[in-house]
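Below is one structure, written out as structure tokens; comments come after it.
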Amino acid sequence: MYPTSYRLPRTILYVFIGTQAMGIGVIISLLADIQDRFGFPTWSLGTIAGVSFAFTLVAHLWLASFADRGWERRMIAVGGVLAVLALLWMVTASALWQWVGARALLGFAEGTCVVAARRVVLSWDPDRQGRALSSLTMALTIGFLVGPPIAGFLNEIHTGLPFLLPALVEALLVPFLLVVRPGEYGRSPVRLKRRGLAAIPGLAPGLFLAASPWVMIGMLDSLWARYMTDLGAGPATIGVGFLALALPSVFVTPLSGRLADRINPIRLALAGAVVELPLVVAFGFATGVPFLLVVAALHSAAWPFVTPPGQAAVAKVAPPGQAAEAQGLIESYGLVLASAGALVAPPIYAAGGPVVLFFAAAAVLAVTPLVVLAKGESWRGVF
């Protein structure tokens with residue numbers, strides 16, 4: 001259990017981070033509507049989605065080390081303010097460059113907040129890294145899930161309301177961040193460079209496994225609303241689709257976090273990665289919305305056994321004073337994969353259809369567990 005003194009700060013932090021994720025869920029669920037409303041080409045969906053991942057990556061590479069140096073609270077507050085500005089920009093955006101710019105700003109805001117938040121929750125529960133990280137992942141997932149249904153409802157009233165609501169909630173929560181204080185957490189007298197961190201036994205396998213599902217995150221970010229629309233779904237059904245895509249993970253993530261604290265997290269992540277592959281292929285064979293929702297729900301239940309255990313593995317072997325930077329390496333690699341997935345998925349989908357797209361995705365995802373198994377000497381016996 002978290003100490004009693006951390007319960008209120010934890011609640012505030014999780015609601016704050018979850019609200020930011022809600023804003024992301026709103027924009028993702030409305031991408032097809034935005035495309036149709038302003039007449040954007042299909043390739044622009046990849047640009048709008050991919051630029052967000054790219055700027056989140058910039059935030060991680062540039063700012064992760066500051067979270068280990070006592071800047072956590074300032075980073076979370078600044079990220080929140082930037083998220084509010086990005087969401088307000090979306091209310092009036094009409095040109096493609098404006099949507100790209102607003103999405104880039106929101107991505108940078110997310111990267112700034114989340115890398116610092118992970119450092120804070122690890123400081124609150126340093127002996128149970130899997131539990132701490134899975135709790136934050138739950139907050140992000142729940143917030144993301146709330147976004148699409150709200151977007152579908154508010155968009156019918158006014159197209160700006162889906163973005164105004166999370167902006168307002170985020171702005172109201174910023175002053176309450178004063179109570180969010182990190183716990184005691186060792187600071188390393190000698191700081192390793194990123195290459196030195198990656199060379200720690202057991203860290204690289206955890207990093208690559210944790211980041212590998214981001215390929216699908218990028219692809220679904222740019223294509224989910226378009227794919228469901230092409231299968232005949234309206235805005236309300238797309239909102240339900242996002243529930244299927246993420247809701248099962250809310251219930252499964254705590255279990256995966258606890259398991260990662262008790263057994264070898266690399267073995268757990270490998271098992272999850274193997275189960276995930278056929279489900280990725282199945283995405284391509286959807287002939288209707290019901291089948292797609294079933295596949296999405298099963299995939300949502302599988303990926304928590306890949307990313308959270310990989311994160312826990314990294315947290316277990318990383319120097320305590322560079323916890324945020326080590327987690328930032330996961331995010332950085334994952335964001336590169338997500339950006340690539342978001343950029344290439346729409347043109348592949350338009351040219352070859354969903355079968356070709358998701359077979360290709362499964363082939364890419366299979367590389368990581370194969371490499372980790374082949375390099376088993378680098379992690380066996382570490383955990």
Side-chain angles (χ1 to χ4, degrees), residues 53 57 130 133-134 137 194-195 197-221 223 249 252-253 256-257 259-260 263-285 295-296 298-318 326-345 348-349 352 354-383:
F53 294 122
L57 172 61
L133 292 168
S134 64
T137 299
R194 290 191 176 100
R195 183 175 296 179
L197 280 174
I200 295 174
L203 194 143
L207 186 161
F208 292 134
L209 284 166
S212 61
W214 283 66
V215 170
M216 281 293 289
I217 292 175
M219 290 173 53
L220 295 174
D221 191 319
L223 268 184
S249 68
V252 175
T253 296
S256 71
L259 284 175
I263 64 177
N264 189 314
I266 299 297
R267 294 186 186 278
L268 182 60
L270 281 170
V274 171
V275 172
E276 183 187 22
L277 291 177
L279 296 173
V280 171
V281 173
F283 271 105
F285 289 92
V295 173
L298 292 173
H299 182 265
S300 176
W303 82 259
F305 290 99
V306 186
T307 293
Q311 291 174 330
V314 170
K316 289 177 186 294
V317 299
Q327 294 298 316
L329 287 176
I330 298 174
E331 296 283 335
S332 299
Y333 179 57
L335 287 163
V336 170
L337 296 177
S339 297
L343 288 170
V344 305
I348 294 176
Y349 175 81
V355 174
V356 173
L357 174 63
F358 288 105
F359 258 113
V364 171
L365 285 168
V367 172
T368 298
L370 289 174
V371 171
V372 171
L373 282 170
K375 299 290 185 180
E377 71 278 359
S378 67
W379 54 268
R380 290 192 179 97
V382 175
F383 302 100

Review point. Checking side-chain contact (heavy atoms from CB on, under 4.5 Å) for the pair R380/K375: CA distance, chi angles, key distance, verdict?
Key: CA-CA 9 Å; R380 290 192 179 97; K375 299 290 185 180; over 6 Å; no
Point to revise | M219 and Y349: CA distance, side-chain angles, deciding distance, side-chain contact (heavy atoms from CB on, under 4.5 Å) verdict | key: CA-CA 10 Å; M219 290 173 53; Y349 175 81; over 6 Å; no
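- Taking 4.5 Å as the limit, some side-chain heavy atom of F359 sits within range of a side-chain heavy atom of F285.
- The minimum heavy-atom distance linking H299 with E276 is given by the pair NE2-OE2, 3.0 Å.
- Counting all heavy atoms, side chain and backbone alike, V275 lies closest to A302 at CG1-CB, 4.2 Å.
- When every heavy atom of P304 is checked against every heavy atom of V252, the shortest pair comes out as CB-CG1, 4.1 Å.
- Here the CG-CD distance, from L57 to E331, works out to 10.0 Å after rounding to the nearest 0.5 Å.
- The distance from atom CH2 of W214 to atom CD1 of I330, rounded to the nearest 0.5 Å, is 10.0 Å.
- Of all the heavy atoms in P265 and A313, the pair that sits closest is CG-CB, 3.7 Å.
- Nearest heavy atom pair, residue F53 against residue G218, reads CE1-CA, 3.6 Å.
- To the nearest 0.5 Å, the span separating CG on L223 from CG on L220 amounts to 8.0 Å.
- Once rounded to the nearest 0.5 Å, the distance linking CG of L207 with OG of S212 reads 10.0 Å.
- Nearest heavy atom pair, residue L203 against residue A198, reads CD2-CA, 3.9 Å.
- A donor-acceptor pair under 3.5 Å is absent between the side-chain atoms of S256 and the main chain of F305, judged by distance alone.
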Point to revise | Test side-chain contact (heavy atoms from CB on, under 4.5 Å) applied to L133 and Q327, step by step | key: CA-CA 10 Å; L133 292 168; Q327 294 298 316; 3.9 Å; yes
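- Tested against L373 for a side-chain contact (heavy atoms from CB on, under 4.5 Å), the candidates V274, L270, T368, I266 yield a single pass: L270.
- Side chain of W379 to main chain of V372: a donor-acceptor pair is present (N/O by atom type, distance under 3.5 Å, no hydrogens or angles).
- Expressed to the nearest 0.5 Å, how far OG1 of T137 lies from CD of Q311 amounts to 5.0 Å.
- A side-chain contact (heavy atoms from CB on, under 4.5 Å) with L268 is found for one member of L209, L259, V306 and no other, namely L259.
- Judged purely by atom type and a 3.5 angstrom limit, T253 uses its side chain to pair as donor or acceptor with the backbone of S249.
- For the pair L329/V314, no side-chain contact is recorded, criterion being any heavy-atom separation below 4.5 Å from C-beta on.
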